[in-house]
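In what follows, a structure is listed as structure tokens, so that the remarks can point back to it.
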Amino acid sequence: MYRNENVSARTRSRTSKETCFYRNIPVLNILFYIGKGFMLRKQIIVLVKIFYRLNEHKTNEMIADLLAHGLVIKKQATNTKTCIYVMTKFPLSMYFECSTRDSCSVKLNNRKIWNNIYRTEFIIRQAVNFMEQLNMKLTLENMLDFLSDYCISIFTTENQMSVYQLYENLYDKFPIRDKALILSGIPKVSDFLNDYYRITADLYSHQVNFLGYQAEDDFSSYLSVKDRLEREKSLTASPKETKKYYYTLYNMTAAGFFFIGKPTSDGHITIGTFDKCNNMYLKKIYENIICIYLMLERYLGFHPKITLQVYMSDADRIMELRTKETEQGYDYAKQEKSGHTKRNGFFQNMKIPRQNWNDIQVDYIYYPLREKYNL
């Protein structure tokens, strides 16, 4: 294992730590707002240059200063000597405006590390390019606003508050079915509202019963909507039927899928997913994107055109998946060739009408992360 010595922030006075914090804000802002507390050095350097126009030498000085005061520590990223730089509890407490005792440390695992690297690379390669095409000034604040305004949901996590905010963003940015009637209070119930009420009920229950909050608004009436949906869900014939008809934004987020922009004028929507664990396979890709397609049809009232972008760091695996898509499938019940490609077999298995099979296209995007960052 790669070993490195880190400085404990406890060995530095609060005054020196605060001074260090404020003089290195560009690096800390990148770590906190984009990295969610940690990031590769090379990615930090690129993003500081983009959003703060500081050169590599100056950024390296800032990183060294943060390391020397214990505001940042180094940890091994993978099984190579490449390190990630992780914020400690003191700078996190400054952002959250709480004591270090009440601040949580950054918890890491392989899945989180790879998701972080892919997400940061997406911002460097694509989000910044989108902003330049729109002639937006490249600042960190503008970038975060841009992601929200264009519904690029790479920061949505599988917790109630994060998914609740995604529902609100979709309501604002997407052509939700019966939106005018929903605004007027009619109808009281719709597929979109049902799922929105359910996540609201989950959030309310979590805050009141688990966190002990005194909620300002009473969402307890939404619990009855959630209970009704759960009863309906329990009556479905099979897990496949349940997934088809009760798939939500929470399921989408938990499976690692996210939106890459608002629908175009002709109803085209781009979805993304990162191959965080280097184990992407066709069943996961197609069953989830078909369920997302059906979910969006319920929410929007029309069948959208969807492009799924699968981001991967293994070029050989991409070629393998592309080849498998076109292979002829096998019907195990009949013990014979199915007559469909493996790709089309997923649509047939999910009982999607043949005329809609081409509504979904899957593209594989190669990010050479291992070579670029020695991972």
Side-chain angles (χ1 to χ4, degrees), residues 26-27 29-36 38-56 58-59 84 113-157 166 169-170 172-174 252-253 256-276 280 285 289 292 304-315 318 322 360-375:
V27 169
N29 278 351
I30 295 298
L31 280 169
F32 183 77
Y33 290 108
I34 297 181
K36 300 304 177 185
F38 64 99
M39 193 179 291
L40 296 173
R41 178 192 282 265
K42 287 185 178 180
Q43 291 183 323
I44 296 171
I45 289 169
V46 171
L47 289 171
V48 169
K49 182 178 182 181
I50 291 171
F51 294 121
Y52 291 97
R53 289 160 290 284
L54 298 178
N55 62 33
E56 181 176 346
K58 180 60 178 175
T59 302
I84 51 173
I113 289 171
W114 277 101
N115 186 59
N116 176 291
I117 295 169
Y118 272 108
R119 184 178 62 207
T120 305
E121 196 72 4
F122 176 91
I123 290 171
I124 293 170
R125 286 171 174 254
Q126 290 181 236
V128 169
N129 185 47
F130 292 158
M131 291 176 68
E132 289 176 330
Q133 291 175 13
L134 295 168
N135 295 317
M136 296 181 66
K137 185 177 180 181
L138 295 178
T139 66
L140 180 58
E141 183 178 7
N142 282 351
M143 192 276 295
L144 296 173
D145 288 341
F146 163 74
L147 295 180
S148 177
D149 292 343
Y150 283 81
C151 204
I152 301 175
S153 60
I154 53 173
F155 286 115
T156 301
T157 58
L166 180 58
N169 206 4
L170 251 67
D172 288 339
K173 308 297 192 309
F174 278 53
M252 174 179 169
T253 300
F257 291 73
F258 52 87
F259 292 99
I260 307 180
K262 299 179 288 187
T264 61
S265 58
D266 60 353
H268 187 274
I269 298 171
T270 304
I271 306 291
T273 188
F274 300 136
D275 185 17
K276 297 179 285 290
M280 193 62 69
I285 292 171
I289 198 59
I292 292 169
K305 304 289 185 181
I306 291 180
T307 296
L308 172 64
Q309 296 182 343
V310 183
Y311 295 87
M312 303 179 67
S313 59
D314 186 335
I318 289 176
R322 283 176 174 161
I360 296 173
Q361 298 298 324
V362 176
D363 293 337
Y364 297 94
I365 312 296
Y366 177 51
Y367 275 4
L369 301 176
R370 297 175 190 277
E371 296 84 359
K372 184 175 181 180
Y373 298 115
N374 188 30
L375 299 168

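From a predicted model like this one, the values you see are computed outputs, not experimental measurements.
Side-chain contact between Val128 and Leu138 is present, with heavy atoms from C-beta onward closer than 4.5 Å. The shortest distance between side-chain heavy atoms of Val310 and Ile365 does not fall below 4.5 Å. Using a 4.5 Å heavy-atom cutoff, the side chains of Phe155 and Ile123 are in contact. At a threshold of 4.5 Å between non-hydrogen side-chain atoms, the residues Thr120 and Leu40 do not count as touching. Using a 4.5 Å heavy-atom threshold, the side chains of Thr157 and Thr253 count as separate. Using a 4.5 Å cut-off on side-chain heavy atoms (C-beta onward), Ser148 and Asn169 make contact. Contact annotation: the side chain of Leu54 approaches that of Pro26 to within less than 4.5 Å [non-hydrogen atoms, C-beta and beyond]. Contact check for Leu308 versus Asp363: no side-chain heavy atoms found under the 4.5 Å cut-off.
In terms of modelled atom types and a separation under 3.5 Å, the side chain of Asn116 and the main chain of Phe38 share a donor-acceptor contact. Remark: the backbone N or O of Tyr364 is paired with a side-chain donor or acceptor of Arg322 at under 3.5 angstrom.
Lys42 is linked by a side chain to side chain contact (heavy atoms under 4.5 Å, CB included) to Tyr373, counting only residues two or more places apart in sequence or in another chain.
Considering all non-hydrogen atoms of both residues, Arg125 and Pro368 come closest at NH2-CD, 3.4 Å. Shown here for Gly272 and Tyr311, the closest heavy-atom pair between the two residues is CA-CE1, 4.4 Å. Of all non-hydrogen atoms in Phe51 and Leu140, the two that sit nearest each other are CD2-N, 3.6 Å. Summarising the geometry of Ile152 relative to Ile260, their closest heavy-atom pair is CG1-C, 4.1 Å, with the distance given to 0.1 Å. In this structure, Asn142 and Met136 approach most closely via the heavy-atom pair O-CE, 3.9 Å. Smallest separation of non-hydrogen atoms from Lys262 and Cys151: CG-CB, 4.2 Å.
Residue Gln361 qualifies as enclosed at atom CD: its count of foreign heavy atoms under 6.0 Å is above 12. Other residues, nucleotides and ligands place no more than 12 heavy atoms under 6.0 Å from the NZ atom of Lys49.
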Test side chain to side chain contact (heavy atoms under 4.5 Å, CB included) applied to Glu121 and Gln126, step by step
CA-CA 8 Å; Glu121 196 72 4; Gln126 290 181 236; over 6 Å; no

Test side chain to side chain contact (heavy atoms under 4.5 Å, CB included) applied to Gln43 and Ile117, step by step
CA-CA 8 Å; Gln43 291 183 323; Ile117 295 169; 3.9 Å; yes

Run the numbers on Tyr118 and Leu369 for side chain to side chain contact (heavy atoms under 4.5 Å, CB included), then give the verdict.
CA-CA 8 Å; Tyr118 272 108; Leu369 301 176; 3.6 Å; yes

Side chain to side chain contact (heavy atoms under 4.5 Å, CB included) assessment of Met39 paired with Ile34
CA-CA 9 Å; Met39 193 179 291; Ile34 297 181; 3.8 Å; yes

Under the side chain to side chain donor-acceptor pair (under 3.5 Å) rule, what do Asn29 and Tyr52 come out as? Steps first, then yes or no, please.
CA-CA 10 Å; Asn29 278 351; Tyr52 291 97; 2.9 Å; yes

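For the atom pair CG of Asp149 and NZ of Lys173, the computed distance is 5.5 Å after rounding to the nearest 0.5 Å. The structure places OH of Tyr367 at 9.0 Å from NZ of Lys372, a figure rounded to the nearest 0.5 Å. Atoms OG1 and CD1, from Thr273 and Ile285 in turn, are 8.0 Å apart once rounded to the nearest 0.5 Å. Taken from CD1 in Ile44 to CG in Leu31, the straight-line distance is 4.5 Å, to the nearest 0.5 Å. The CD1 atom of Ile306 lies 5.0 Å from the CD1 atom of Ile289; values are rounded to the nearest 0.5 Å.
Aromatic rings of Phe258 and Phe274 (six-membered ring for Trp) have centroids within the 6.0 Å cut-off, being under it. With ring centers used as reference points, Phe259 lies under 6.0 Å from Phe174.
Using bins of under 30°, 30° to 60° and over 60° for the plane-to-plane angle, the ring pair Phe122/Phe130 lands in the perpendicular bin.
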